[in-house]
Amino acid sequence: MLDDYLRGPLGNGGNVAAFAALERQQPSIPERCDGERRKYRTVWISDVHLGTKGCNAELLINFLDSVDSETMYLVGDIIDGWRLKKKFYWPGAHNDIVWRILKRAKRGTRIVYIPGNHDEMFRQFTGLNFGGIEIRRAAFHDTADGRRLMVLHGDEFDAVMLSHRWLAFVGDAAYDLLMGANRWVNAARRAFDLPYWSLSKMAKHKVKNAVEFIGKYEEVVARAAGERGVDGVVCGHIHTAEHRMFDHKGRSIEYWNDGDWVEGCNALVEHEDGRMEILNWPEVVAARTERAQEEDARIAEAA
């Protein structure tokens, strides 16, 4: 199975037949099939970090069971090879996410996987197709209203990754500690029936250096898109969902970041008319729960 593959030949080529074997299994969390699925033209997700305790697997499963799309882009760091090499962690829910993605491909959704820095071991398979999943170093997407967008993970434009790779690993360890605190905070919130809240996201926006880094990163990525003559860019990497407009040589360049499934639990979607939107899934779930509670109260009152 996939977890056996990851335990052994991770980063050494391996045997991707494990993905096909996983597809034939039944998930530990059954797929929800209630007919209430949102329909989109395109979905982008990134920075899932399967193989870590910080991955919000249950929320992502809820998302995958609630939406359909013609195309889905997996924009890097889907599997966290850095963490798996240090300590193996792969619960059943992480298999369930891979199972759902493979099922989408089998049902006709075009799946494009662009590995990031944490799952760079899959970059050696660039240009190949496994189980209906296309592996690409980068991609170009044409929206329904005629815009051309460059799609890539974004670590190519991270100065720390490019110049001080060792510092990136140190930062990753510190980030893992912060995510541990985040899990404890949300365990306490669940005990009081409170919705998900990201401690790490709040801390990031409070720290001046982090805010400056994010702003600079967005500008550099948008400039790179402008140099390539496209209308915009979709990326991940920095775990900060965002939409901004930049000027490049008299042209407006769109910057989209699809966020992550560790802190914010966001996805970027394209509607059938080309309109794009960032979804904050914890907010969607909270609103859905509130509507269900109101409906239950209305039925109880009517009875």
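Side-chain atoms are counted along with the backbone in the values below, which use heavy atoms only and exclude waters and symmetry mates.
Residues passing the salt bridge (Lys or Arg N to Asp or Glu O under 4.0 Å) test with Lys249 are Glu227, sequence neighbours excluded. Taking Glu283 as the reference, Asn280 meet the side chain to side chain contact (heavy atoms under 4.5 Å, CB included) condition, with sequence neighbours excluded. Applying the side chain to side chain donor-acceptor pair (under 3.5 Å) rule to Glu31 yields the partners Arg107; only residues at least two apart in sequence or on another chain are considered. Shown here are the side chain to side chain contact (heavy atoms under 4.5 Å, CB included) partners of Ser252, two or more places apart in sequence or in another chain: Met245. Applying the salt bridge (Lys or Arg N to Asp or Glu O under 4.0 Å) rule to Arg104 yields no partners; only residues at least two apart in sequence or on another chain are considered. Checked against side chain to side chain donor-acceptor pair (under 3.5 Å), Glu272 has no partners two or more places apart in sequence or in another chain. Legend: residues meeting side chain to side chain donor-acceptor pair (under 3.5 Å) with Ser28, ordered by chain and number and at least two apart, are Asp96. For Asp145, the side chain to side chain contact (heavy atoms under 4.5 Å, CB included) criterion is met by Thr143, Arg147, not counting sequence neighbours. Annotation: ring-ring contact (aromatic ring centres under 6.0 Å, His included) contacts of Tyr89 (sequence neighbours excluded): His94. Applying the side chain to side chain contact (heavy atoms under 4.5 Å, CB included) rule to Asp142 yields the partners Arg148; only residues at least two apart in sequence or on another chain are considered. Partners of Glu295 under the side chain to side chain donor-acceptor pair (under 3.5 Å) rule, at least two apart in sequence or in another chain, are Arg298.
One distance of note links OG1 of Thr289 with CD of Gln293; it measures 6.5 Å at 0.5 Å rounding. Rounding to the nearest 0.5 Å gives a distance of 8.5 Å between CG of Asn56 and CH2 of Trp261. Here CD1 of Ile238 is found 12.5 Å from CZ of Phe157. Values are rounded to the nearest 0.5 Å. Going from atom CD of Glu219 over to atom NE2 of His248 covers 11.0 Å, rounded to the nearest 0.5 Å. Taken to the nearest 0.5 Å, the CD1 atom of Ile133 stands 10.5 Å off from the CE atom of Met72. To the nearest 0.5 Å, atom CD of residue Glu254 and atom CZ of residue Phe246 are 11.5 Å apart.
A heavy-atom distance below 4.5 Å is found between the side chains of Ile45 and Val43. Looking at Arg288 and Ser66, their side chains come closer than 4.5 Å, going by heavy atoms from C-beta outward. Using a 4.5 Å heavy-atom cutoff, the side chains of Met150 and Leu152 are in contact.
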- Task: Test His153 against Asn117 for side-chain hydrogen bond (donor to acceptor under 3.5 Å, both in side chains), laying out the working first.
- Result: CA-CA 8 Å; His153 180 62; Asn117 52 302; 3.2 Å; yes
- Item | Check against ring pair (Phe, Tyr, Trp, His ring centres under 6.0 Å), Tyr255 and His243 | CA-CA 6 Å; Tyr255 168 91; His243 174 227; 8.7 Å; no
- Trp82 vs Glu120, side-chain contact (heavy atoms from CB on, under 4.5 Å): CA-CA, chis, key distance, verdict: CA-CA 9 Å; Trp82 289 11; Glu120 60 190 353; 3.9 Å; yes
- Task: Any chance you could lay out the side-chain contact (heavy atoms from CB on, under 4.5 Å) test for Leu59 and Ile61, step after step, and finish with the verdict?
- Result: CA-CA 5 Å; Leu59 272 173; Ile61 287 171; over 6 Å; no
- Evaluation steps, side-chain hydrogen bond (donor to acceptor under 3.5 Å, both in side chains), between His237 and Glu156: CA-CA 10 Å; His237 185 54; Glu156 303 92 331; over 6 Å; no
- Check the pair Thr52, Asp80 against side-chain hydrogen bond (donor to acceptor under 3.5 Å, both in side chains), reporting the backbone distance first and the verdict last. CA-CA 7 Å; Thr52 71; Asp80 196 323; 5.1 Å; no
- Item | From CA spacing to verdict: side-chain contact (heavy atoms from CB on, under 4.5 Å), Val98, Leu50 | CA-CA 9 Å; Val98 179; Leu50 295 173; 3.9 Å; yes
- Should Asn95 and Trp90 be marked as a side-chain hydrogen bond (donor to acceptor under 3.5 Å, both in side chains) after you check the CA-CA gap, both sets of side-chain angles, and the distance that decides it? CA-CA 8 Å; Asn95 266 353; Trp90 196 268; 2.7 Å; yes
- Could you give me the CA-CA distance, side-chain angles and deciding distance for Val269 and Arg38, then say whether side-chain contact (heavy atoms from CB on, under 4.5 Å) is met? CA-CA 11 Å; Val269 298; Arg38 299 183 178 196; over 6 Å; no
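A centroid separation of less than 6.0 Å is found between the aromatic rings of Phe130 and Phe125. Aromatic ring centres of His239 and His49: separated by under 6.0 Å.
Shortest non-hydrogen contact noted between Cys55 and Ile97 is SG-CD1, 4.5 Å. Scanning both residues, Val48 and Val262, for their nearest heavy atoms gives O-CG2, 3.8 Å. Residue Ala222 comes nearest to Ile253 through the heavy atom pair O-CG2, 3.5 Å, listed as atom of the first residue, atom of the second, then distance. Pro282 and Cys265 get closest at one heavy-atom pair: CD-O, 3.4 Å. When all heavy atoms of Gly146 and Asp231 are compared, the pair lying nearest together is O-OD2, 4.2 Å. Between Val230 and Arg251, the shortest heavy-atom contact is O-NH2, 3.0 Å.
Between the Asp119 side chain and the Gly81 main chain, no donor and acceptor come within less than 3.5 Å of each other. At distances below 3.5 Å, at least one donor-acceptor pair connects side-chain atoms of Asp65 with backbone N or O atoms of Arg32. Side-chain atoms of Thr109 do not come within 3.5 Å of backbone N or O of Ala105 as any donor-acceptor pair. Looking only at distances, a side-chain donor or acceptor of Arg37 sits under 3.5 Å from a matching main-chain atom of Val67.
Under 4.0 Å is where a charged nitrogen must lie from a carboxylate oxygen, and between Glu134 and Arg136 at least one such pair does.
Inspection of the Glu270 and His141 side chains reveals an N or O donor paired with an N or O acceptor under 3.5 Å.
Shown are Asn266, Asp260, Asp258; of these, the side chain to side chain donor-acceptor pair (under 3.5 Å) with Ser46 is made only by Asp258.
Note: Trp281 and Phe63 have perpendicular aromatic rings, judged against thresholds of 30 and 60 degrees for the angle between ring planes.
Using a 4.5 Å cut-off between side-chain heavy atoms of Ile, Leu, Val, Met, Phe, Trp and Tyr, Leu149 falls into a hydrophobic cluster with Trp44, Tyr73, Val75, Val112, Ile114, Val151, Val234, Trp256, Leu268, Met276, Ile278.
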